[in-house]
Amino acid sequence: MVEIVTDTINGALRALGIEPPERIEVEVPKDESLGDLSTPVAMSLAKVLKQPPRKIAADILSKIDEARKNSYFESIEIAGPGFINFRLKGEFISKALWEVLSNGGKNLRKNIGRGARVQVEFVSANPTGPLHLGHGRGAAVGSALSNLLKAAGFDVTREFYINDAGRQVALLGLSVFARYQELLGVECPFPEDGYRGDYIADIAKEIISQAGDKYKGAGFDSAGEFFKGFSRDMMLRQIEADLAAFGVHFDIWQSEKELYGRGEVENTIQYLRAKGHIYEKDKALWFRATAFGDEKDRVIVKSDGQYTYFASDIAYHKKKVDGGYAELINLWGADHHGYIQRVKAAIEALGYDRERLKVILVQMVNLLRGGKPVQMSKRAGEFVTLREVMEEVGADTTKFIFLTRRSDSHLDFDLEVAKESSAENPVFYVQYANARINSIFRHAAEKGMGMESIGGISPSVLGLLKEPEEVRIMKKLLMYPMVFEASALAREPHRITYYLQEIAGMFHPYYNRHRIVSETGPELTLARLALVEAVRLVLRDGLEILGVTAPERM
RNA sequence: GCGCCUGUAGCUCAGUUGGAUAGAGCAACUGCCUUCUAAGCAGUGGGUCAGGGGUUCGAAUCCCUUCAGGCGCGCCA
């Protein structure tokens with residue numbers, strides 16, 4: 001759809017002897033009385049050509065190919081400061097919609113990735129406790145983004161990085177160990193900053209049921225590895241199950257511990273050392289991050305010989321870039337923003353373009369109940385988990401709320417609003433449109449008009465759709481590929497969410513005002529069935545990308 | 001103190017990468033179910049785009065600055 005305008009403009013510019021700019025901006029005018037599509041290209045060129053925008057627009061207009069114009073456009077006009085506005089021809093719209101229907105919506109998605117490999121790393125929660133709502137936001141956005149890029153022709157790998165090598169997992173093991181001894185009646189001091197949630201005792205009970213009192217009274221020195229490993233595995237299984245319940249899946253679960261085990265951390269350090277990016281100071285090993293734009297140099301091996309978290313993170317990112325991905329996307333909690341520069345510095349030091357890594361910050365979620373903040377304390381083990389929220393308000397609603405915001409905007413998540421207003425919730429509005437269309441088809445089938453009859457429809461039948469609502473919906477549907485493409489290019493799935501609300505917002509009034517299945521006009525019925533089928537195709541396509549279900553009935 | 005994010009209608013948020021007269025949902029008020037699903041529809045009101053400067057044909061969008069909120073600035077993870 002957009003190409004028709006850009007091609008037209010490009011052709012006219014060449015006829016004028018002007019080299020077309022790399023990108024011709026095409027937009028939908030705010031006021032539909034101005035036209036269906038518009039380009040400000042004449043104004044953009046005004047600077048370069050040193051001519052008034054309206055004159056350039058007039059020149060372009062005069063060079064537009066007549067045949068081309070006649071087959072696509074009702075009118076092309078210059079308006080305002082120099083916009084060129086296009087109004088699409090009715091027959092062209094019908095034909096374009098017919099094409100969408102004739103291949104079942106396959107051409108709604110544009111292949112912009114062309115198989116390029118992209119890795120999306122998200123959630124990556126420490127396996128030391130259940131997922132909370134903040135993780136849920138990362139999961140919803142990361143998953144939708146992965147779906148979107150895959151739909152746009154990228155070869156996407158979804159990865160979850162497991163921080164299972166450091167102090168946190170050790171602390172998890174120690175916390176479980178203490179609870180285990182306690183449950184068996186052995187006095188054991190609970191670690192100062194240990195994890196206090198009930199899930200710790202659950203893990204301890206599981207160990208008792210599997211291994212009995214085998215470790216009763218044992219020292220952590222000897223039993224520690226078992227407790228750490230068991231706790232980590234059990235925690236990870238729960239995280240995976242929670243994510244699965246949320247409809248989120250990963251291709252790769254990358255263990256940090258494994259990176260150490262395979263010597264990848266040590267190898268990476270040697271590699272950087274050989275390149276001269278490592279030096280020793282105060283008995284510690286430092287990475288010369290300042291050479292690559294970071295604020296200060298960073299320690300990777302502490303003076304006591306312990307690796308820092310950053311050391312394994314460099315190794316992890318080396319593994320990623322060596323893996324041949326054209327783009328690495330990391331979704332991080334916004335509290336990690338200070339980390340971006342040093343990781344990018346590391347990538348550059350490893351000999352890669354730092355721009356290969358794109359970090360998407362996901363802002364904190366403020367959990368409210370009835371307008372009041374829900375107190376959460378990880379120390380005391382009091383927090384609302386993702387699973388609890390899913391059970392209370394539903395996975396679809398939870399996801400949709402996350403996906404109607406830009407990921408970098410702060411977000412208030414009010415449990416009461418999400419739950420109590422469920423009837424007024426935007427997600428239902430969109431799903432309901434789909435359910436209603438299904439209902440229409442059930443009704444049509446009873447009247448002997450099934451999906452089959454749409455299959456053999458001819459473009460001219462769609463020409464019967466003359467109501468203003470119908471024309472608006474057709475045009476909106478044809479804009480879907482443009483929204484899809486922009487959304488994928490910007491790596492912003494929330495644009496799809498808004499589009500779906502808009503299309504649903506056009507369908508419901510139409511449904512209310514016009515009867516789809518009518519006794520009087522079989523031809524018109526067929527045309528209208530085809531129209532709502534196209535709406536359904538687009539709704540389902542969008543919902544599938546968002547990872548939100550499209551129920552048959554509601 | 002320095003850095004990052006945010007500030008748009010009473011509330012929650014969009015705003016097509018700088019375009020035309022700034023939008024949606026919720027909340028409020030008034031109507032509409034013997035009809036393909038009322039989780040819907042029709043109608044009504046609501047703005048100093050936090051404030052101030054600048055860049056240009058044109059700014060909610062880019063730059064500077066002030067204010068407000070959040071987050072980060074360890075040989076922690």
Side-chain angles (χ1 to χ4, degrees), chain A residues 23 25-31 34 38-40 43-44 46-47 52-54 79-83 85 126 128 163 165-169 171 281-286 295-296 298-304 306 308-310 313 333-341 361 363-364 366 371 401 404-406 408-414 417 421-433 435-444 446-447 479 482-483 486-487 489-490 492 494-495 497-499 501-502 504-505 507-518 525 528-529 532 553-554:
Chain A
R23 199 172 72 94
E25 302 162 84
V26 178
E27 51 196 57
V28 178
K30 283 177 183 167
D31 187 342
L34 293 167
S38 175
T39 177
M43 291 179 285
S44 309
K47 245 168 286 182
R54 286 192 69 109
F83 289 99
N85 295 335
N126 282 346
T128 54
N163 290 123
R167 214 178 84 85
Q168 299 306 319
V169 167
L171 203 54
K281 192 183 85 178
D282 303 332
K283 294 188 176 173
L285 275 192
W286 297 70
E295 288 174 6
K296 48 183 88 168
R298 309 289 177 178
V299 171
I300 51 175
V301 181
K302 298 188 268 179
S303 55
D304 64 2
Q306 294 278 311
T308 63
Y309 180 83
F310 185 44
D313 232 24
D335 52 338
H336 288 78
H337 68 79
Y339 221 72
I340 299 174
Q341 284 310 315
L361 293 178
Q363 273 292 350
M364 318 268 98
N366 257 329
I401 288 172
T404 33
R405 267 83 172 175
R406 272 193 356 262
D408 62 350
S409 71
H410 298 89
L411 158 59
D412 289 343
F413 192 105
D414 194 313
V417 172
S421 71
S422 65
E424 312 284 342
N425 208 300
V427 68
F428 295 108
Y429 188 76
V430 174
Q431 289 177 323
Y432 188 49
R436 260 187 164 169
I437 294 170
N438 288 332
S439 177
I440 292 169
F441 276 103
R442 282 194 295 271
H443 178 78
E446 287 171 16
K447 303 277 177 187
M479 288 305 133
M482 179 175 151
V483 174
S487 185
L489 284 174
E492 290 178 353
H494 75 270
R495 297 188 190 196
T497 318
Y498 277 86
Y499 174 87
Q501 293 186 70
E502 285 166 10
F507 167 74
H508 287 303
Y510 172 61
Y511 171 89
N512 224 265
R513 197 171 303 167
H514 302 284
R515 222 176 141 76
I516 312 296
V517 180
S518 155
T525 294
R528 288 184 170 173
L529 281 174
V532 297
R553 306 165 185 264
M554 290 174 72

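Worth knowing before you read on, the calculation uses all heavy atoms, side chains too, and leaves out hydrogens, waters and symmetry mates. Just so we're on the same page: letters track the sequence lines, and every chain starts at 1.
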Could I get a table of every N or O pair under 3.5 Å where one atom is in the protein and the other is in nucleotides 10-13 of chain B?
unit_1: B:U12; atom_1: O2'; unit_2: A:Arg405; atom_2: NH2; d: 2.1
unit_1: B:C13; atom_1: OP1; unit_2: A:His410; atom_2: O; d: 3.2
unit_1: B:C13; atom_1: OP1; unit_2: A:Asp412; atom_2: N; d: 2.8
unit_1: B:C13; atom_1: O2'; unit_2: A:Thr404; atom_2: O; d: 3.3
unit_1: B:C13; atom_1: O2'; unit_2: A:Tyr498; atom_2: OH; d: 2.7

> Can a donor-acceptor pair under 3.5 Å be found between the side-chain atoms of A:Asp313 and the base atoms of B:A77?
Replying inline: no
>> Parallel, tilted or perpendicular, judged at 30° and 60°: which one describes the rings of A:Tyr510 and A:His514?
In response: tilted
> Which whole number of Å gives the distance between the P atom of B:U16 and that of B:U6?
Replying inline: 14 Å
> Between B:A9 and B:A60, how far is it from one P atom to the other, in whole Å?
Replying inline: 15 Å
> Does a side-chain N or O from A:His494 land closer than 4.0 Å to OP1 or OP2 of B:G15, or not?
Replying inline: yes
>> Would you measure the distance from the C1' atom in B:C71 across to the matching atom in B:A59 and give it in whole Å?
In response: 28 Å
> To the nearest angstrom, how far is A:Arg515 atom CZ from B:G40 atom P?
Replying inline: 20 Å
> What does A:Ser487 touch in the nucleic acid at a heavy-atom separation under 4.0 angstrom: a base, only the sugar-phosphate, or nothing?
Replying inline: nothing
>> How long is the straight-line distance from CZ of A:Arg167 back to CD of A:Gln306, given to the nearest 0.5 Å?
In response: 11.0 Å
> What is the distance from OH of A:Tyr432 to C1' of B:C36, rounded to the nearest Å?
Replying inline: 11 Å
>> Restricting to non-hydrogen atoms, name the atom on A:Ser487 and the atom on A:Glu492 that form the minimum distance, rounded to 0.1 Å.
In response: OG-O, 2.6 Å
> Contact class for A:Val28 (heavy atom, under 4.0 Å): base, sugar-phosphate, or nothing?
Replying inline: base
Using a cut-off of under 3.5 Å, enumerate the N/O to N/O pairs linking the protein to nucleotides 72-76 of chain B.
unit_1: B:C75; atom_1: O2; unit_2: A:Ser303; atom_2: N; d: 2.8
unit_1: B:C75; atom_1: O2; unit_2: A:Ser303; atom_2: OG; d: 2.8
unit_1: B:C75; atom_1: N3; unit_2: A:Ser303; atom_2: OG; d: 3.3
unit_1: B:C75; atom_1: N4; unit_2: A:Asp282; atom_2: O; d: 2.9
unit_1: B:C76; atom_1: OP2; unit_2: A:Lys302; atom_2: NZ; d: 2.8

> Separation of A:Arg23 atom CZ from B:U16 atom P, in whole Å?
Replying inline: 11 Å
>> Angle between ring planes, A:Tyr498 versus A:His494, binned at 30° and 60°: parallel, tilted or perpendicular?
In response: perpendicular
> Could you give the CD-to-C1' distance, from A:Glu25 to B:A20, as a whole number of Å?
Replying inline: 14 Å
>> Using every non-hydrogen atom in the two residues, find where A:Lys447 and A:Val517 come nearest and quote the distance to one decimal.
In response: CG-CG1, 4.2 Å
>> Suppose you measure atom P in B:A50 against the same atom in B:A14; what distance do you get, rounded to whole Å?
In response: 14 Å
>> Give me the distance, rounded to whole Å, that separates B:C13 from B:G47 when you measure between the C1' atoms they each carry.
In response: 15 Å
>> If you compare all heavy atoms of A:Phe441 against all heavy atoms of A:Leu529, which two are closest, and at what distance to 0.1 Å?
In response: CZ-O, 3.5 Å
>> Using heavy-atom distances to pick each residue's nearest nucleotide on RNA chain B, tell me which of A:His443 and A:Gln501 is more 5'.
In response: A:Gln501
> Do A:Thr525 side-chain atoms and A:Ser518 backbone N/O form a donor-acceptor pair below 3.5 Å?
Replying inline: yes
>> I'd like to know if the side chain of A:Ser303 and the backbone of A:Lys283 have a donor-acceptor N/O pair within less than 3.5 Å.
In response: no
> Base, sugar-phosphate, or nothing: which does A:Ala490 touch, judged by heavy atoms less than 4.0 Å apart?
Replying inline: base
N/O contacts under 3.5 Å, protein versus nucleotides 58-61 of chain B?
none

> Is there a Watson-Crick or G-U wobble partner for B:C26 with both distances under 3.5 Å, and if so, which one is it?
Replying inline: B:G10
>> Please report the distance separating the C1' of B:C26 from the corresponding atom of B:A39, rounded so that it comes out in whole Å.
In response: 15 Å
> At their closest point, which heavy atom of A:Ile300 faces which heavy atom of A:Phe310, and how far apart are they?
Replying inline: CG2-CD2, 3.8 Å
> Can you tell me if A:Asp414 uses its side chain to pair, donor with acceptor, with the backbone of A:Gly371 under 3.5 Å?
Replying inline: yes
>> A side-chain contact here means heavy atoms from C-beta on lying under 4.5 Å apart; do A:Val417 and A:Asp412 qualify?
In response: no
> Does the aromatic ring of A:Phe83 sit over the six-membered base ring of B:A20, closer than 5.5 Å centre to centre and tilted less than 30°?
Replying inline: yes
> Considering only the P atoms, how many Å lie between B:G18 and B:C62, rounded to the nearest integer?
Replying inline: 7 Å
>> Strictly by Watson-Crick or wobble contacts shorter than 3.5 Å, is anything paired with B:G40, and which nucleotide is it?
In response: B:C32
> Can you check whether A:Tyr429's main-chain N or O pairs, donor with acceptor, with A:His508's side chain at less than 3.5 Å?
Replying inline: yes
>> Just N and O in the side chain of A:Tyr511: are any of them under 4.0 Å from OP1 or OP2 of B:U35?
In response: no
>> Please classify the nucleic acid contact of A:Ser518 as base, sugar-phosphate, or nothing, using heavy-atom distances under 4.0 Å.
In response: nothing
>> Measuring to OP1 and OP2 of B:G40, would you say a side-chain N or O of A:Arg513 lies under 4.0 angstrom away?
In response: no
> For the pair made of CD in A:Gln363 and P in B:C5, what is the distance, rounded to whole Å?
Replying inline: 10 Å
> Taking for each residue the nucleotide of RNA chain B bearing the nearest heavy atom, is the 5' side occupied by A:Pro53 or by A:Ile516?
Replying inline: A:Ile516
> Could you give the distance from CZ (A:Arg406) to CG (A:Leu411), rounded to the nearest 0.5 Å?
Replying inline: 12.0 Å
> Roughly how many Å is it from CD in A:Gln341 to C1' in B:G3, rounded to a whole number?
Replying inline: 10 Å
> Taking CG from A:Leu34 and C1' from B:A20, how many angstroms apart are they, rounded to a whole number?
Replying inline: 7 Å
> What nucleic acid atoms does A:Ala435 come within less than 4.0 Å of, heavy atoms only: base, sugar-phosphate, or nothing?
Replying inline: base
> Considering only the C1' atoms, how many Å lie between B:U17 and B:U44, rounded to the nearest integer?
Replying inline: 36 Å
> Can you tell me how far C1' of B:A38 sits from CE of A:Met554, to the nearest Å?
Replying inline: 13 Å
>> Show the nearest heavy-atom pair for residues A:Leu361 and A:Ala334, with the distance to one decimal.
In response: CD2-CA, 4.2 Å
